[in-house]
Amino acid sequence: MRCACLPLESLLAPWMSLRRTEEAESLPEVPEVYRARYSALPAAQPLPPLLVLALSQASPGVPVRREQAFRRSRTNFPNHFLHSASQGQDALGEAVYYFEADGEGVVQRVFVFWPLGVLLEGPPNFCHGGCGASLLDDAFGAFTNTRLRSMGLSGQAVTAYLHVDYKAPTPLPGAAVCAATLDRVEGRKVFVRGELLVQKPDGTLQASMEANALFVELKEGFASMKK
Ligand SMILES: CCCCCCCCCC(=O)SCCNC(=O)CCNC(=O)[C@H](O)C(C)(C)COP(=O)(O)OP(=O)(O)OC[C@H]1O[C@@H](n2cnc3c(N)ncnc32)[C@H](O)[C@@H]1OP(=O)(O)O
């Protein structure tokens, strides 16, 4: 059964089929904290209704600020696992990243919307667990590194561990929002937690996956990672 308030078609279109070349588009300027990894949404691209629903449930009464929504820069990261080969008509669609920051501009939460196509299957008609874990890891990476940048730090941290609890199947085709936030910080160690939210037939959101992770800020940045 489909939700009466958010039909599946409105969740997926136009993000599922969106292919683009950033260079050809005239996009708004992106604040420095986000610029290295993200680009602005085109003016004509609406915010996904599922993302707006997740934001309104997480922060009731707080207006959604379109300028805090971005997409991954493919110009800067043409080979990113989730934003290159994994994308396609029936696989992953175009993600939308929404960052919440406090009054000082320090990132406090990220919400990442993903359209999910049928080629992401694990159990018949449901999303593969490894795919969901990848989406959560990506949201944790987006949160941790952007938060570090927003604090004037390196923004170069990697996953040390990722723990995922699968609470309910994630239907395909469909859409999900990964929500990530801070648990605690111990020196270079950033502990994060979050969930992957999907919409139930009655229109409410449920966490089909819950996760926590440790990110470690690299002493000398990505360039120091050895093969
Ligand atoms: C450019 C844009 C791209 C954005 C990238 C975003 C990342 C996206 C998410 C990913 O997929 S990252 C890819 C998957 N992760 C890796 O490939 C990381 C591989 N592991 C490493 O490179 C190193 O093990 C690591 C950097 C995580 C840690 O090495 P370090 O030499 O910097 O630190 P060290 O080993 O001394 O550990 C630092 C602290 O973390 C703790 N620690 C490290 N690994 C742990 C672990 N697995 N479990 C618990 N604690 C851990 C360790 O005990 C220690 O705690 P204390 O300071 O309290 O002593």
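Fair warning: this is a prediction, and the values are worked out from it, not measured in the lab. Along the sequence shown, residues are numbered consecutively beginning with 1. Just follow the structure's listing: the first ligand is 1, and inside any ligand the first atom is 1.
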Got a protein heavy atom sitting under 4.0 Å from [atom]?
{"atom": "atom 41 (C) of ligand 1", "value": "yes"}
{"atom": "atom 24 (O) of ligand 1", "value": "no"}
{"atom": "atom 47 (N) of ligand 1", "value": "yes"}
{"atom": "atom 52 (C) of ligand 1", "value": "no"}
{"atom": "atom 55 (O) of ligand 1", "value": "yes"}

Between [X] and [Y] (side chain of the first, backbone of the second, donor and acceptor by atom type, cut-off under 3.5 Å), is there such a pair?
{"X": "Y97", "Y": "A139", "answer": "no"}
{"X": "R109", "Y": "T181", "answer": "no"}
{"X": "T170", "Y": "S208", "answer": "no"}

If you have a sec, work out which protein heavy atom is nearest [atom] and how many Å separate them, to one decimal?
{"atom": "atom 28 (C) of ligand 1", "value": "V216 CG1, 4.1 Å"}
{"atom": "atom 34 (P) of ligand 1", "value": "R188 NH2, 4.1 Å"}
{"atom": "atom 17 (O) of ligand 1", "value": "M225 CE, 4.1 Å"}
{"atom": "atom 50 (N) of ligand 1", "value": "L214 CD2, 3.4 Å"}
{"atom": "atom 11 (O) of ligand 1", "value": "D137 OD2, 2.8 Å"}
{"atom": "atom 39 (C) of ligand 1", "value": "K189 CD, 3.7 Å"}
{"atom": "atom 7 (C) of ligand 1", "value": "A157 O, 3.9 Å"}
{"atom": "atom 6 (C) of ligand 1", "value": "N145 ND2, 3.4 Å"}

Which ligand 1 atoms are under 4.0 Å away from a heavy-atom of F77?
-> 1 (C), 2 (C)
Could you pull out the closest heavy-atom pair between A176 and L116, with the gap in Å?
-> CB-CD1, 3.9 Å
Criterion side chain to side chain contact (heavy atoms under 4.5 Å, CB included) on V110 and R147, from CA distance to verdict = CA-CA 9 Å; V110 67; R147 177 181 167 88; over 6 Å; no
Verdict with reasoning, V164 to L136, per side chain to side chain contact (heavy atoms under 4.5 Å, CB included) | CA-CA 9 Å; V164 182; L136 285 160; 4.2 Å; yes
Counterpart residues, side chain to side chain donor-acceptor pair (under 3.5 Å), relative to Y38 (two or more places apart) | none
Distance-only N or O hit between ligand 1 and T159, under 3.5 Å = yes
If you measure from atom 27 (C) of ligand 1 to every heavy atom of A160, A139, A213, which option wins on shortest distance?
-> A160
salt_bridge(R149, E32) N-O dist < 4.0 Å = yes
Hey, does E29 have a side-chain heavy atom less than 4.5 Å from the side chain of R35?
-> yes
Does any non-hydrogen side-chain atom of S73 lie less than 4.5 Å from one of R37?
-> no
Identify which one of F215, F140, Y161 satisfies the side chain to side chain contact (heavy atoms under 4.5 Å, CB included) criterion when paired with F191.
-> Y161
Which segment of R37 sits under 4.0 Å of ligand 1 when only heavy atoms are counted = side chain
Counting heavy atoms under 4.0 Å, the part of L218 that contacts ligand 1 is side chain
